[in-house]
Amino acid sequence: MARPYDLSSITALVCFEAAARNLGFKKAAQELNVTPAAISHQIKALEVDLGCALFIRRSKGVELTEKGAFLFVALQRGFESISEAIVQIRERPETVDVTIRSTTAVSSLWLTPKISAFWKIHPTVTIAQIISDVPSETSRCDLSIHYGNPDENDECRSLFQDRIVALGTSRFAAEYGVSTIEDLVRAPLIHSSGEETNWTKWSDWLSSLGQPAPKGRNFYINNYMIALQAAQDDVGAVLGWDGLTANLMREGRLIQLVPDCVFSPVPFYLKIHPRASVKARIFADWLIENV
């Protein structure tokens with residue numbers, strides 16, 4: 001009997017997804033509790049099976065090839081559906097009080113530290129996160145965080161509306177002589193785009209400041225966390241929402257390259273779903289008060 005799905009090794013696909021998301025074999029190995037060599041072996045086997053390279057190996061790390069990025073997006077979609085099913089199966093009202101959905105970037109850079117602070121005040125309220133960069137209307141959650149214009153038919157509350165600044169490392173700024181916005185037009189730029197959020201693009205940002213379209217080398221990635229990591233690895237400059245990237249700037253891992261900035265055309269907002277529990281609303285109120 002023929003198999004219903006044409007799949008490579010599931011183990012290899014899991015290793016590839018972790019390596020693609022972290023943009024590195026070492027971090028993927030730490031996440032999966034295996035050795036970097038094991039990750040490398042699985043990915044090499046997957047590349048042989050598919051007949052193409054999925055990563056470009058560099059001295060400072062790896063980058064996704066075009067086919068690698070295509071597979072990464074497909075796996076994100078599949079794992080997201082599996083994750084949602086597992087959450088729904090595991091979910092028990094007596095053990096999970098609040099379920100909140102957000103993108104990888106919002107969860108890592110903003111939401112998770114907020115949850116830690118909330119637990120210091122409400123230690124008995126249990127919170128589950130659904131993290132996805134793929135739009136979905138099927139996930140059962142109490143709350144969700146979005147970037148855009150809220151639907152007037154939904155119950156939504158504005159969280160913050162950031163400045164958008166150009167970020168990079170001090171080493172990158174020195175290497176490419178970046179100190180003015182005119183310098184950025186000619187410098188390597190990291191372009192981040194995703195299905196979940198309508199991110200402001202470099203062309204929009206530069207145009208709003210009276211500058212032409214970028215002319216330097218371009219690097220495209222569909223995951224904002226990987227885009228930020230690429231900027232820290234001196235691949236290029238990246239646009240940063242200062243409410244999300246404040247810790248990276250405070251720690252000096254990224255700096256504002258030029259004084260110019262634009263205000264985000266849309267806010268980050270919290271959507272309160274009809275199924276939201278009383279404790280979910282308590283958490284929602286706390287988030288609004290502690291932005």
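If you read the sequence from its start, that first residue is 1, and numbering goes on from there.
- Residues T180 and D183 have side chains that bring a donor and an acceptor to within less than 3.5 angstrom of each other.
- No side-chain donor-acceptor contact under 3.5 Å links T112 to the backbone of S108.
- Residues Q232 and T169 come closest through the heavy atom pair O-CG2, 3.7 Å.
- Residues that satisfy the ring-ring contact (aromatic ring centres under 6.0 Å, His included) test with F283, not counting sequence neighbours, are F118.
- For D234, the salt bridge (Lys or Arg N to Asp or Glu O under 4.0 Å) criterion is met by K60, R171, not counting sequence neighbours.
- Remark: E31 pairs with A18, R21, N22 by the side-chain contact (heavy atoms from CB on, under 4.5 Å) rule, at least two apart or across chains.
- Electrostatic pairing of D285 and R157 counts as a salt bridge here, judged by a charged N lying under 4.0 Å from a carboxylate O.
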Audit row: Q129, I115, side chain to side chain contact (heavy atoms under 4.5 Å, CB included) steps and yes/no: CA-CA 10 Å; Q129 287 194 69; I115 292 175; 3.6 Å; yes
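- Two residues are said to be in side-chain contact when any heavy atoms from C-beta on lie closer than 4.5 Å; L109 and L228 meet this criterion.
- Two residues are said to be in side-chain contact when any heavy atoms from C-beta on lie closer than 4.5 Å; L239 and S192 fail this criterion.
- Taking the side-chain contact (heavy atoms from CB on, under 4.5 Å) definition, one finds that A246 meets it with R250, sequence neighbours left out.
- Pairing each heavy atom of S277 with each of D142, the nearest pair is N-OD1, 3.4 Å.
- Residues that satisfy the ring-ring contact (aromatic ring centres under 6.0 Å, His included) test with Y176, not counting sequence neighbours, are F172.
- Under the rule for a ring-ring contact (aromatic ring centres under 6.0 Å, His included), H41 has no partner lying at least two apart in sequence or in another chain.
- Every side-chain contact (heavy atoms from CB on, under 4.5 Å) that D154 has, sequence neighbours left out, goes to D151, C156, K271.
- Annotation: side chain of L184 is not in contact with side chain of D260 (no heavy-atom distance under 4.5 Å).
- Atom CE in M249 sits 7.0 Å away from atom CD in Q256 (nearest 0.5 Å).
- Evaluation of the salt bridge (Lys or Arg N to Asp or Glu O under 4.0 Å) rule for E66 yields no partner, not counting sequence neighbours.
- Around the NZ atom of K114, the shell of radius 6.0 Å holds more than 12 heavy atoms that belong to other residues, nucleotides or ligands.
- Ring pair W241/Y224: centre-to-centre distance below 6.0 Å.
- Under the 4.5 Å side-chain criterion, counting only non-hydrogen atoms from C-beta, I100 is in contact with L287.
- Applying the ring-ring contact (aromatic ring centres under 6.0 Å, His included) test to F219 and every residue at least two apart in sequence or in another chain returns nothing.
- Partners of P265 under the side-chain contact (heavy atoms from CB on, under 4.5 Å) rule, at least two apart in sequence or in another chain, are Y147, I164, T200.
- Counting only residues at least two apart or in different chains, ring pair (Phe, Tyr, Trp, His ring centres under 6.0 Å) contacts with residues 44-70 comprise F16-F55, F25-F55.
- Side-chain contact between F268 and W110 is absent, with no heavy-atom pair separated by less than 4.5 Å.
- Under the salt bridge (Lys or Arg N to Asp or Glu O under 4.0 Å) criterion, E289 pairs with no residue at all, not counting sequence neighbours.
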